[in-house]
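The structure presented is a predicted model; accordingly, all values stated were derived computationally and were not measured. Chain naming here is simple, since letters A, B, ... match the order of the sequence lines and numbering starts at 1 in each.
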Amino acid sequence: MVRTRFAPSPTGYLHIGGVRTALFNWLFARQHGGQFILRIDDTDQQRNVTEALQPILDGFRWLGIDWDEGPDVGGPHAPYFQSQRADRHRAAVEQLLRRGLAYRDYARPEEIQAERAAAESEKRPFTYSRRWMAQTAAEAAQWENAGRQAVVRLKMPRCGTCRIRDLVRDDVEFQWDQEQDHVIQRADGSCLYHLASVVDDFDLGITHVIRAVEHLSNTPRQIFIAEGLGYTLPAYAHLPYVAEPGSSNKLSKRKLDKYLKHPDFKQLYEHGLRIAQLVGHGTTAETFNPVIVDFYQTVGYLPAALLNYLLLLGWSLDDKTEQFTRDEMIRSFSLERVNKAPASFDPAKLWAFQQRDMVALPTAAKLPLFLPYVQRAGWAAGWETAAVARTVGQIAQAAGDRIKTAGDILDYGEFFCADNELSYDAKAFEKRLRPPEAAARLQQARAALTSAEPFDAAGTEAALRRFLEETGLQMGDIVHALRVAVTGKAVGLGIFDTLAILGRECVTRRIDRSLQMR
RNA sequence: GGCCCCAUCGUCUAGCGGUCUAGGACACCGGCCUUUCACGCCGGCAACACGGGUUCGAGUCCCGUUGGGGUCACCA
């Protein structure tokens with residue numbers, strides 16, 4: 001039985017790179033009919049774990065990455081919080097101590113630091129002298145009488161080779177003598193990450209450890225711990241990290257300002273920002289950041305599009321397949337085809353995937369996605385529920401592929417605002433309504449439209465075309481002025497769809513108003 | 001700095017010794033369509049980091065150089 005895991009720290013946000021790692025773990029488990037486990041690597045010091053965990057769980061749920069065991073769903077290996085497994089960790093430390101694979105160390109931090117500094121100044125690799133090591137009770141008592149406190153360190157081998165079989169990178173070798181005697185337990189008895197992680201992975205029956213490559217150099221010490229404890233080793237797969245747009249540095253949530261200098265990233269961000277502001281979502285870098293999954297949920301991306309994009313960030317099936325349904329992903333995924341080199345996050349490509357999926361969605365499926373945005377923006381206030389739904393449906397239909405994310409429905413405020421509150425784009429007004437001939441033409445077009453029957457897209461078009469034929473004008477001579485008059489904007493939906501959605505009374509009122517404002 | 005990893009168009013990638021005058025996708029640049037915008041369609045630009053080997057033959061194998069990255073915590 002394949003069992004994989006993703007083990008986030010409750011940081012309050014879900015990093016896009018973390019999602020990719022989780023996705024690969026999830027796909028691998030699902031493909032093999034195995035299980036995907038969510039374990040929370042919290043520590044005792046952390047406060048508000050529940051609160052900081054929520055965005056992470058929400059993110060996974062939104063994406064449809066489900067876990068078989070973990071927070072909220074429980075499971076036979078509970079608890080799934082690292083902080084609650086401390087007794088297991090301590091027992092493991094005791095065992096390593098008994099087997100002579102770890103020792104109590106009474107060095108003071110500054111003493112270790114001094115050794116390290118000395119090694120550095122002599123330009124030789126640092127190896128701890130083990131001067132304050134205590135392997136017997138007598139030695140320990142001696143140091144303790146001197147007022148010292150012990151941590152537990154791994155007693156690492158000082159010769160030989162550690163060979164790691166990696167499912168992504170084949171064999172990788174490390175020399176044991178390069179490894180430090182890492183601390184695995186603090187003086188207060190709390191255990192450190194590497195020890196805890198290895199013990200938990202074993203206890204949870206993890207068969208495949210699939211994680212980011214930054215853990216590759218940590219693997220020897222984990223193997224040492226696992227073997228010391230008599231565990232059978234899991235298979236390892238180290239994924240490349242997700243890099244910044246246009247660079248090979250690791251993508252980081254803290255560098256938003258820097259990324260905003262990248263044109264595509266900036267565009268992605270600013271598009272989202274407009275929507276977030278309209279719905280009153282917070283927009284600090286902490287919560288609103290394209291490096292964090294929450295961003296895409298807020299702006300109204302489709303989970304399938306994000307997942308599909310992330311899948312192809314470091315993995316490919318062949319030389320042409322780009323589109324995957326969830327089932328196809330599960331069927332096609334393989335660790336062997338994961339790339340070794342880091343992959344840059346490309347906002348433009350993500351955007352293309354999103355657009356492709358949104359276009360493919362039937363209007364009926366878009367409606368429930370769009371409606372909440374109109375409601376949150378407060379535009380539905382005073383409207384009957386059915387009327388809002390009808391209007392949003394009409395806009396969705398008429399807008400077609402102009403709406404790329406669900407939040408883009410908020411580009412069409414002109415259909416929800418009162419006639420006397422419609423604002424006009426200043427440039428468009430000057431260009432289309434100010435010219436002397438505009439008023440007369442608009443006046444005539446108004447007359448032609450008033451008699452349109454029925455007042456739908458086809459009816460208004462027929463009426464307007466009759467009018468053009470009579471006057472010898474071209475379509476271009478009137479539609480621009482008409483659009484500005486009824487929407488206040490230079491760009492928008494097809495003009496006849498626009499007229500139909502607004503309705504006869506609204507259209508005539510708005511034309512009259514625009515003429516008055518000249 | 002030590003150790004480890006990585007290296008094909010701007011970006012994501014295909015390529016596992018000959019089928020590569022290197023394929024696809026996104027972006028970009030032209031053009032067509034068109035009532036604006038968007039979509040769509042057609043076309044174009046664009047890469048094997050460098051140097052040595054091995055081989056009849058190298059993007060593909062080996063070594064080195066360069067470059068990039070990761071990691072060296074009583075963080076996770």
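You'll find that the side chain of Ala352(A) is closest to A27(B), out of C74(B), G69(B), A27(B). Distances were taken from every side-chain heavy atom of Asn249(A) (C-beta onward) to each of G69(B), U35(B), U11(B); the shortest belongs to G69(B). Taking the side chain of Arg186(A) as heavy atoms from C-beta on, and the options A25(B), C6(B), A76(B), the nearest nucleotide is A76(B). Counting only heavy atoms from C-beta on, Val172(A) has its side chain closest to C5(B) among U36(B), C5(B), C75(B). Of the candidate nucleotides G70(B), C6(B), U71(B), G70(B) has the atom lying nearest to any side-chain atom of Tyr241(A). The side chain of Asp401(A) sits closest to A38(B) out of A38(B), U36(B), C6(B). Nearest nucleotide to the side chain of Asp319(A), out of A14(B), C4(B), C74(B): A14(B). Checking U11(B), A25(B), C74(B) against every side-chain atom of Glu322(A), the shortest atom distance belongs to A25(B). Here C3(B) is the nucleotide among C26(B), C3(B), A76(B) with the atom lying nearest to any side-chain atom of Phe174(A). For Lys404(A), the listed nucleotide lying nearest its side chain is A38(B); candidates were G70(B), A14(B), A38(B).
The same atom, P, is picked in C12(B) and in G51(B); the two are 24 Å apart, to the nearest Å. When the C1' atom is compared between G1(B) and C9(B), the two are found 35 Å apart, to the nearest whole Å. A distance of about 13 Å separates the P atoms of U60(B) and U19(B), rounded to the whole Å. C63(B) and G24(B) have their P atoms separated by 33 Å, given to the nearest Å. Remark: the separation of the P atoms in U21(B) and A47(B) is 15 Å, to the nearest Å. Using atom P as the reference point in both C50(B) and A22(B), the two lie 16 Å apart (nearest Å). Look at the P atom in both C56(B) and A49(B): the space between them is 25 Å, to the nearest Å. Taking the P atom of each, A7(B) and C26(B) are spaced 25 Å apart, rounded to whole Å.
Within the 4.0 Å cut-off from OP1 or OP2 of C12(B), at least one side-chain nitrogen or oxygen of Ser344(A) is found. Between Ser217(A) and C72(B) there is no side-chain polar atom (N or O) within less than 4.0 angstrom of OP1 or OP2. Phosphate proximity of C3(B) to Gln175(A): absent, as no side-chain N or O sits under 4.0 Å from OP1 or OP2. Applying the 4.0 Å criterion to OP1 and OP2 of G1(B), one finds that Arg116(A) has every side-chain N and O outside that range.
The nucleotide C41(B) finds its pairing partner in G31(B), both defining distances of the Watson-Crick or G-U wobble pair being shorter than 3.5 Å. Both distances falling under 3.5 Å, in either a Watson-Crick or a G-U wobble arrangement, place A49(B) opposite U65(B). Both distances falling under 3.5 Å, in either a Watson-Crick or a G-U wobble arrangement, occur for no nucleotide opposite A58(B). Applying the Watson-Crick and G-U wobble criteria (two distances, each under 3.5 Å), U71(B) pairs with G2(B). Using the Watson-Crick or G-U wobble rule with both distances under 3.5 Å, U19(B) pairs with nothing in any strand shown.
Under 4.0 Å is where a charged nitrogen must lie from a carboxylate oxygen, and between Arg158(A) and Asp177(A) no such pair does. The existence of a salt bridge linking Asp41(A) and Arg39(A) is confirmed by a sub-4.0 Å separation between a basic side-chain nitrogen and an acidic carboxylate oxygen. With respect to Glu470(A) and Arg466(A), no salt bridge is recorded, no charged nitrogen being found less than 4.0 Å from a carboxylate O. Salt bridge status for Asp181(A) with Lys155(A): absent, with no side-chain N to carboxylate O gap under 4.0 Å.
Tyr296(A) contributes a side-chain N or O that, together with a main-chain N or O of Pro290(A), makes up a donor-acceptor pair within less than 3.5 Å. Between the side chain of Ser514(A) and the backbone N or O of Ile511(A), at least one donor-acceptor pair lies under 3.5 Å.
Residues His271(A) and Tyr301(A) share a closest heavy-atom pair of ND1-OH, 4.2 Å.
Atom pair His215(A):NE2 and C5(B):P shows a separation of 18 Å (rounding to whole Å applied). In this entry the distance linking CH2 of Trp351(A) with C1' of C12(B) reads 19 Å, nearest Å. Distance NE2 (His262(A)) to C1' (C26(B)): 12 Å, rounded to an integer number of Å. As a whole-Å value, the separation of Asp170(A) CG from C5(B) C1' is 13 Å. Taking atom CD1 on Ile403(A) and atom C1' on C37(B), their separation rounds to 13 Å, with Å as the unit. Look at CD on Glu120(A): it is 11 Å from C1' on C72(B), rounded to the nearest Å. Between Asp497(A) atom CG and C39(B) atom P the separation is 17 Å, expressed in whole Å. Counting to the nearest Å, the C1' atom of C4(B) and the CD atom of Glu214(A) are 13 Å from each other.
Contact annotation: side chain of Arg402(A) to base of C37(B), donor-acceptor pair present below 3.5 Å. Between the side chain of His182(A) and the base of A73(B), no donor-acceptor pair under 3.5 Å is found. At a cut-off of 3.5 angstrom, the base of A25(B) holds at least one donor-acceptor pair with the side chain of Lys349(A).
Arg211(A) comes within 4.0 angstrom of nothing in the nucleic acid, heavy atoms only.
Within 6.0 Å of CD in Glu286(A) there are 12 or fewer heavy atoms belonging to other residues, nucleotides or ligands.
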Taking it one step at a time, do Arg211(A) and Asn25(A) satisfy side chain to side chain donor-acceptor pair (under 3.5 Å)? CA-CA 8 Å; Arg211(A) 59 183 13 168; Asn25(A) 271 283; over 6 Å; no
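Ranked by how close their nearest RNA chain B nucleotide is to the 5' end, Asp41(A) and Pro125(A) are led by Pro125(A). In this structure, Asp264(A) and Leu312(A) both approach RNA chain B, and ranking their closest nucleotides by distance from the 5' end singles out Leu312(A).
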